[in-house]
*Asks:* 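Supplied in structure tokens, the structure appears directly below.
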Amino acid sequence: MQADFFAQKRKNSLFFFAVLLVVTLISVLLTEYDVAKGLTSGFKALGWAVTNFYPNENSLSKLPNVLNKLKETILMSVAATTSAAVFASLFALWGSQTTKVNQFLSTLSRGVASLFRNIPLVAWAMVLLFSFGQSSLTGYFALFFATFGFLTRAFIETIDEVSNSSVEALRATGASYFQIVFQAVLPSSIPQMLSWVLFMVETNIRDATLLGILTGSGIGFSFNLYYKSMNYHAASLVVIVIVLTVFFIEYVSNHIRRVIL
């Protein structure tokens, strides 16, 4: 029986691999993509990057400005994440099956979270550009809306997973709704919720870099400015600063997670 199970699993894997291969071949034919030329172009691009895309002495003079833009990006990401987490917590309490006030409010909260979560960050930025133009405020609201949708869904699942037993125990003793929330739900859910918030801070710092190209703000705008003016040495400095920052933020985030979980 077990041998038949693994044989069927192998057949399914081969089938899906074959389908993926066929889809890839069809895509190559329809787009007239030259695989050989693509590979050679990749090596040429790597060679160009080695010889041109690196910081030099002149680009290092722009480091204070780059760090100032980096600070703007980090602060915008953290502000958008933390403020979205506050609203997401409220909607998660309404949307969770464990702490819902009524079915209508639960369905509404889940629907709003699903809507905000499924609209891409770039789409939010493009829509908000019409209202706020190219500014940090556009980037903030784009990050806020996308983060709100994601965190609401994550918080709902967290509340439903970790607080069932304690909620049932308090309900059995006749505890009120707010007693259940503040004595059972939040104490048991906060560590995992904080972990999700830290994850979104990491993600938003990465996304805010690309978002800055659209919104004309933060370190993404600096990269776009240097790259379009063909100042590749300064652009490479921006990339290095971003990479180091992401690694540092991830290290700090992982350390905090180990402490609270």
Side-chain angles (χ1 to χ4, degrees), residues 1-54 73 77 110-111 113-129 139 142-143 145-154 157 196 199-215 218-233 235-247 249-250 253-254:
M1 181 66 70
Q2 190 174 11
D4 292 339
F5 171 77
F6 284 112
Q8 185 62 39
K9 194 172 182 179
R10 281 195 298 271
K11 287 180 181 178
N12 291 337
S13 299
L14 288 173
F15 172 75
F16 286 118
F17 177 76
V19 171
L20 181 62
L21 183 60
V22 170
V23 171
T24 302
L25 292 174
I26 292 174
S27 300
V28 168
L29 293 173
L30 291 177
T31 58
E32 299 180 356
Y33 175 69
D34 190 335
V35 178
K37 187 176 180 181
L39 290 174
T40 55
S41 298
F43 287 118
K44 289 179 181 178
L46 182 61
W48 177 89
V50 171
T51 56
N52 295 279
F53 204 70
Y54 62 89
T73 297
S77 302
R110 287 174 177 268
S114 180
L115 175 65
F116 279 66
R117 183 170 57 90
N118 286 297
I119 296 177
L121 182 65
V122 175
W124 278 119
M126 293 175 71
V127 170
L128 292 167
L129 277 172
L143 289 172
F145 291 140
T147 304
F148 166 75
F150 179 89
L151 286 182
T152 301
R153 178 61 182 270
E157 293 179 355
W196 280 118
F199 169 76
M200 286 308 299
V201 168
E202 295 175 37
T203 303
N204 281 343
I205 289 175
R206 297 187 187 100
D207 290 342
T209 302
L210 297 176
L211 199 62
I213 297 175
L214 279 176
T215 61
I219 199 168
F221 177 69
S222 295
F223 172 80
N224 192 42
L225 183 65
Y226 294 141
Y227 184 80
K228 285 186 174 180
S229 62
M230 293 187 290
N231 189 349
Y232 300 125
H233 297 296
S236 67
L237 177 65
V238 173
V239 172
I240 291 172
V241 168
I242 292 170
V243 171
L244 292 177
T245 301
V246 168
F247 278 128
I249 295 294
E250 185 174 0
S253 178
N254 289 336

*Asks:* Grab the two heavy atoms, one from G139 and one from T215, that are nearest each other, plus how far apart they are.
*Replies:* N-CG2, 3.8 Å
*Asks:* With side chains defined as the heavy atoms from C-beta onward, is the minimum distance between T152 and R117 less than 4.5 Å?
*Replies:* no
*Asks:* Out of the candidates L128, N224, V122, only one should pair with L214 under the side-chain contact (heavy atoms from CB on, under 4.5 Å) rule; please name it.
*Replies:* V122
*Asks:* Tell me the closest heavy-atom pair linking I119 and A123, and the distance in Å.
*Replies:* CG2-CB, 3.9 Å
*Asks:* For S27, is there any backbone N or O sitting under 3.5 Å from a side-chain donor or acceptor partner on T31?
*Replies:* yes
*Asks:* About how many Å separate CG of L20 and CG of L25, when rounded to the nearest 0.5 Å?
*Replies:* 9.5 Å
*Asks:* Return the OG1 to CD1 distance between T209 and I242, rounded to the nearest 0.5 Å.
*Replies:* 4.5 Å
*Asks:* Hey, what do you get for OG1 (T73) to CG (L211), rounding to the nearest 0.5 Å?
*Replies:* 9.5 Å
*Asks:* Is the ring pair F53/Y232 parallel, tilted or perpendicular, if the boundaries are 30 and 60 degrees?
*Replies:* tilted
*Asks:* Please state whether the rings of F145 and W124 are parallel, tilted or perpendicular, taking 30° and 60° as the class boundaries.
*Replies:* tilted
*Asks:* Could you measure the distance from the CZ atom of F223 to the NZ atom of K228? Nearest 0.5 Å is fine.
*Replies:* 11.0 Å
*Asks:* What distance separates I219 CD1 from I205 CD1, expressed to the nearest 0.5 Å?
*Replies:* 11.0 Å
*Asks:* Heavy atoms only: give me the nearest A146-L121 pair and the separation to one decimal.
*Replies:* CB-CD1, 3.9 Å
*Asks:* Hey, does L151 have a side-chain heavy atom less than 4.5 Å from the side chain of W196?
*Replies:* yes
*Asks:* Looking at CD1 of I249 and CG of N254, how far apart are the two atoms once the value is rounded to the nearest 0.5 Å?
*Replies:* 11.5 Å
*Asks:* Quick one: does S77's side chain have a donor or acceptor within less than 3.5 Å of a partner on N204's backbone?
*Replies:* yes
*Asks:* Once side-chain hydrogen bond (donor to acceptor under 3.5 Å, both in side chains) is applied, do any residues pair with S114, and if so which ones, sequence neighbours excluded?
*Replies:* N118
